Amino acid sequence: MCRWLAYSGTPILLDNILYKPAHSLIDQSLHAKMGVETTNGDGFGVGWYVPAKDSPAVVRDIGPAWSDRNLQEIAGHVVSSLFFAHIRASTGTAVQQTNCHPFRHGRWMWMHNGAIAEFHRLRRDLALAVDPSLFPDVEGSTDSEMMFYLALTLGLEEDPPGAVARMAGLVERTGHEHGVEFPLQMTVAVTDGTRLWAFRYSSQKETRSLFYSSRVDTLRSLHPDVAFLREITEGTRLIVSEPLGDLPGAWNAVPEGTYGVVQPEGDEMHAFAPA
């Protein structure tokens, strides 16, 4: 599987989140504690938004994140208020740049941890369900990218939670038609550059780990000596595959079958089920 993080809030140097925490995403690329694999070395990617640009920048490569000097260079110089970062452990598809997350289409970014079970058997039927106008933009061979383009086909730009639910329902129905008992395993992050949605769901109801950070005012009251917490706004949030450290009270598990949205008008959390 994979590990990922999504950040939304006060503009921040990527390095502060990617490298500096005790159990940073870079540390997790070698020493993941909650993933299926300890090592996630089959590529990485970062994507971020900057003012006056409609689409995010995305940088991806096939090497391990822990030794990539270009990633370290980027992280030490790029400031953003919303960014994605992902480290990959392949579930069977090729280790190639077009299979690394996050995936981008227009202003949208998407990343995923999990798998479509027996994807090689379901792939043709799922590919035929992608809108023909979108299909030429599918560059890689992963189930993750296929899920993104199915969600786009099913209305992601108008109704992200509904589109992801319809995508999940389509994957499950297709899997069942092929005799796959538990077709879908997913934690997904998707953003349009303003709002950030995160989903935790699996057909077996045993979904990979996902956590969100506590409210900043709560953390300040718990840890008044932590300088970083004095520098960020109340609306700052992190969503991660596993906690970046052991600061008491900092991390909360996303419940099974749930999605949340981080947005300017306030965070929300709702039940999630395939449609």
Side-chain angles (χ1 to χ4, degrees), residues 2-14 16-18 21 25 45-51 53-60 78-87 101-114 144-145 147-148 151-152 154-165 167-168 186-201 207-216 218-219 232-244 250-255 257-272:
C2 309
R3 306 279 82 185
W4 58 256
L5 70 80
Y7 174 90
S8 176
T10 301
I12 193 171
L13 198 65
L14 271 60
N16 288 341
I17 302 299
L18 281 182
L25 199 67
V46 291
W48 66 93
Y49 293 84
V50 295
K53 290 287 186 181
D54 292 333
S55 64
V58 173
V59 173
R60 305 180 292 177
V78 169
V79 172
S80 179
S81 61
L82 201 166
F83 66 88
F84 281 6
H86 187 282
I87 50 175
H101 310 219
F103 302 101
R104 174 182 61 191
H105 181 81
R107 71 181 187 275
W108 292 85
M109 279 200 300
W110 172 283
M111 59 185 176
H112 167 235
N113 174 38
S144 304
E145 187 180 24
M147 291 164 63
F148 181 30
L152 285 164
L154 296 169
L156 183 68
E157 295 183 296
E158 294 77 32
D159 175 18
V164 175
M167 176 277 294
M186 71 173 205
T187 64
V188 162
V190 61
T191 181
D192 62 358
T194 301
R195 292 174 172 81
L196 163 63
W197 293 264
F199 301 80
R200 183 173 183 238
Y201 174 80
T207 309
R208 303 292 180 248
S209 59
L210 192 64
F211 296 83
Y212 64 96
S213 61
S214 296
R215 289 175 54 90
V216 173
T218 300
L219 291 174
I232 57 176
T233 59
E234 301 292 343
T236 297
R237 290 288 184 275
L238 269 164
I239 304 172
V240 297
S241 293
E242 60 184 75
L244 304 184
W251 302 103
N252 312 275
V254 175
T258 299
Y259 80 89
V261 54
V262 178
Q263 56 190 354
E265 56 266 40
D267 302 347
E268 297 178 5
M269 189 173 287
H270 303 277
F272 177 82

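Just so it is clear, the model here is predicted, and its values are computed rather than measured. Note that these values count all heavy atoms, side chains included, but never hydrogens, waters or copies made by symmetry. All residue numbers in this chain count up from 1 along the given sequence.
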On a heavy-atom basis, which atom in [X] and which in [Y] lie closest, and how many Å separate them?
X: Leu25; Y: Ile87; result: O-CD1, 3.4 Å
X: Ala163; Y: Ala151; result: CB-O, 3.5 Å
X: Pro102; Y: Gly47; result: CG-N, 3.9 Å

Looking at [atom1] of [X] and [atom2] of [Y], how far apart are the two atoms once the value is rounded to the nearest 0.5 Å?
X: Leu5; Y: Leu14; atom1: CG; atom2: CG; result: 8.5 Å
X: Asn252; Y: Ser213; atom1: CG; atom2: OG; result: 8.0 Å
X: Leu238; Y: Leu244; atom1: CG; atom2: CG; result: 6.0 Å
X: His86; Y: Asn113; atom1: NE2; atom2: CG; result: 6.5 Å
X: Leu196; Y: Ile239; atom1: CG; atom2: CD1; result: 4.5 Å

Worksheet item: With respect to Phe83, which candidate in Trp48, Tyr49, Trp4, Tyr7 satisfies the ring pair (Phe, Tyr, Trp, His ring centres under 6.0 Å) definition?
Response: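 Of Trp48, Tyr49, Trp4, Tyr7, ring pair (Phe, Tyr, Trp, His ring centres under 6.0 Å) with Phe83 is met by Tyr7 alone.
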| request: Evaluate the criterion side-chain contact (heavy atoms from CB on, under 4.5 Å) for residue pair Arg208 and Ser241; output intermediate values, then yes/no. | output: CA-CA 8 Å; Arg208 303 292 180 248; Ser241 293; over 6 Å; no
Would you say the side chain of [Y] lies within less than 4.5 Å of the side chain of [X], judging by non-hydrogen atoms?
X: Met111; Y: Cys2; value: no
X: Arg104; Y: Pro56; value: yes
X: Phe103; Y: Arg60; value: yes
X: Trp110; Y: His105; value: no
X: Ser214; Y: Trp251; value: no

* To do: Check the angle between the aromatic planes of His101 and His112 and answer parallel, tilted or perpendicular using the 30° and 60° thresholds.
  =>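 Parallel, since the angle between the ring planes stays under 30°.
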(message) Please verify the inter-ring angle class for Trp108 with Trp197; under 30° counts as parallel, over 60° as perpendicular, anything in between as tilted.
(response)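 Taking Trp197 first and then Trp108, their aromatic rings lie parallel (interplane angle under 30°).
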Before giving the answer on side-chain contact (heavy atoms from CB on, under 4.5 Å), spell out for Val164 and Met186 the whole-Å C-alpha distance, their side-chain angles and the decisive distance to 0.1 Å.
-> CA-CA 11 Å; Val164 175; Met186 71 173 205; 3.8 Å; yes
Starting from the C-alpha separation in whole Å, work towards a yes-or-no answer on side-chain contact (heavy atoms from CB on, under 4.5 Å) for Gln263 and Thr194. CA-CA 7 Å; Gln263 56 190 354; Thr194 301; over 6 Å; no
**Prompt:** Is a donor on one side and an acceptor on the other found under 3.5 Å between the side chain of Thr236 and the backbone of Thr10?
**Reply:**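 Flag set: sc Thr236 to bb Thr10 pair under 3.5 Å.
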My understanding is that only one of Thr207, Val188, Leu210, Thr258 makes a side-chain contact (heavy atoms from CB on, under 4.5 Å) with Phe199; could you say which?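 Among Thr207, Val188, Leu210, Thr258, the one that satisfies the side-chain contact (heavy atoms from CB on, under 4.5 Å) with Phe199 is Val188.
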